[in-house]
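Data first, discussion second: the structure below is written as structure tokens.
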Amino acid sequence: MIVRCIFSYRLWKLNMNKYKWIIPVIITAVSFYIFGDATYFSVRLYSIESFLDVKSFSWSLYFGLSVEAGVDLLVAIAQCLLLRSLRTGIRRTDMMLRILITYSINTGLLTSLVAIGALVSYSVSPRNYAYFAFYFVLSKLYVNALLATLNARGSLLEQKRGMPSTVVFRVPTLPASSAQLGGTLAGEVPCTVLDADSCSLGHVRI
């Protein structure tokens with residue numbers, strides 16, 4: 001729940017749309033439901049005499065894992081769309097955004113697949129307890145997803161320092177009539193090649 005709330009906060013913080021609160025609110029609300037469902041399942045699990053009695057409240061497992069897989073896909077898709085909308089056309093920035101998109105797809109897709117694996121394994125064979133191998137590893141995957149996203153900042157900064165790139169800005173020539181109107185503008189502003197890291201303007205003739 002905490003990891004999903006962090007991801008939803010990031011979506012809310014980076015999104016500039018006026019309806020930016022909708023998806024984070026949905027993710028947060030569903031995360032609270034999953035937390036309640038997992039708490040209910042754990043309490044019932046410790047109160048039964050045999051694991052075969054899980055079938056008496058198996059609806060909690062089915063519904064919780066289904067919602068969990070769906071909301072993880074929603075988080076991954078929302079992050080990918082948001083990062084894709086932040087592209088600037090600068091090669092260095094777009095490359096870092098592509099790396100973040102790859103992280104979002106890998107982490108969100110992995111947790112969804114594990115949740116689906118637990119759901120399918122319990123549906124196919126509820127008596128061999130194979131679904132516990134998927135169910136108990138989910139929390140560790142969420143922590144790893146958050147840590148991988150946070151640790152990616154260091155590698156991205158290293159790549160940013162090691163990738164030289166330049167951006168060319170071309171300013172159109174002002175017509176001579178502009179100088180006659182205002183008396184302050186004349187001539188041509190030269191084309192300046194700027195470094196993407198240290199954008200310093202050259203001399204501008206006014």
Side-chain angles (χ1 to χ4, degrees), residues 1-15 17 19-46 51 54-55 57-87 95-156:
M1 183 186 73
I2 296 176
V3 175
R4 289 196 199 91
C5 289
I6 292 174
F7 286 151
S8 63
Y9 173 76
R10 178 184 297 175
L11 290 172
W12 175 79
K13 196 71 175 178
L14 295 178
N15 199 344
N17 193 288
Y19 300 111
K20 64 180 183 178
W21 55 270
I22 296 178
I23 293 181
V25 166
I26 293 174
I27 294 172
T28 304
V30 173
S31 298
F32 274 101
Y33 167 79
I34 294 173
F35 175 75
D37 182 81
T39 304
Y40 170 80
F41 184 80
S42 300
V43 171
R44 290 294 305 271
L45 194 64
Y46 281 103
F51 285 121
V54 172
K55 62 182 180 181
F57 52 96
S58 60
W59 62 268
S60 175
L61 187 66
Y62 282 118
F63 201 69
L65 290 175
S66 300
V67 174
E68 197 164 359
V71 74
D72 288 343
L73 284 177
L74 177 63
V75 171
I77 293 173
Q79 285 183 339
C80 292
L81 293 178
L82 177 61
L83 292 172
R84 184 180 176 84
S85 66
L86 296 176
R87 291 183 303 176
M95 180 170 292
M96 288 191 293
L97 289 175
R98 284 195 295 269
I99 295 174
L100 291 175
I101 289 174
T102 304
Y103 273 106
S104 300
I105 293 174
N106 291 339
T107 54
L109 186 62
L110 181 60
T111 53
S112 297
L113 290 177
V114 172
I116 294 173
L119 188 63
V120 171
S121 61
Y122 179 77
S123 302
V124 172
S125 183
R127 292 180 175 272
N128 61 5
Y129 313 124
Y131 60 96
F132 282 123
F134 296 95
Y135 187 81
F136 288 122
V137 81
L138 270 174
S139 59
K140 299 176 178 60
L141 289 178
Y142 287 120
V143 175
N144 289 335
L146 179 61
L147 292 178
T149 305
L150 296 177
N151 292 333
R153 294 180 298 178
S155 61
L156 289 176

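Index from 1, following the sequence. Worth saying up front: this structure is predicted, and the values here are computed from it rather than measured.
Within 6.0 Å of CZ in F132 there are more than 12 heavy atoms belonging to other residues, nucleotides or ligands. A 6.0 Å sphere centred on CD1 of I2 holds no more than 12 heavy atoms belonging to other residues, nucleotides or ligands. Counting heavy atoms of neighbouring residues, nucleotides and ligands inside a 6.0 Å radius, atom OH of Y46 does not exceed 12 of them.
In this structure, R87 contributes its side chain and R84 its backbone to a donor-acceptor pair below 3.5 Å. T28 places no side-chain N or O within donor-acceptor distance of the main-chain N or O of V25, the cut-off being under 3.5 Å.
Every residue was checked against the side chain to side chain donor-acceptor pair (under 3.5 Å) condition with Y9, not counting sequence neighbours, and none meets it. Evaluation of the side chain to side chain donor-acceptor pair (under 3.5 Å) rule for S125 yields N128 as partners, not counting sequence neighbours.
Residues V54 and F41 meet the side-chain proximity criterion, which asks for heavy atoms closer than 4.5 Å. Side-chain contact between Y122 and L65 is absent, with no heavy atoms from C-beta onward closer than 4.5 Å. Between L61 and Y135 there is a side-chain heavy-atom pair separated by less than 4.5 Å.
Between Y33 and F63, a ring centre-to-centre spacing shorter than 6.0 Å is recorded.
By the 30° and 60° cut-offs, the orientation of the rings of W59 relative to Y40 is tilted.
Closest approach of L97 and L83 over heavy atoms only: CD1-O, 3.8 Å. A pairwise comparison of heavy atoms in G64 and D37 identifies CA-OD2, 3.4 Å as the closest pair.
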Going by atom type alone, with no hydrogens or angles, which donor-acceptor pairs under 3.5 Å involve a side-chain atom of residues 66-78 and a protein atom two or more places apart or on another chain?
| from | atom 1 | to | atom 2 | distance (Å) |
| --- | --- | --- | --- | --- |
| S66 | OG | Y62 | O | 2.7 |
| E68 | OE2 | R4 | NH2 | 3.2 |
| E68 | OE2 | Y142 | OH | 2.9 |
| D72 | OD1 | R4 | NE | 3.1 |
| D72 | OD1 | Y142 | OH | 3.4 |
| D72 | OD2 | T111 | OG1 | 3.2 |
| D72 | OD2 | Y142 | OH | 2.6 |

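A distance of 13.0 Å separates OG in S8 from NZ in K13, rounded to the nearest 0.5 Å. For the atom pair CG (L119) and CZ (F134), the distance works out to 11.0 Å, reported to the nearest 0.5 Å. L81 contributes atom CG, which lies 8.5 Å from atom CD1 of I101 (distance to the nearest 0.5 angstrom). Summarising the geometry, atom CZ belonging to F7 is positioned 15.0 Å from atom CD1 belonging to I23; distances are rounded to the nearest 0.5 Å.
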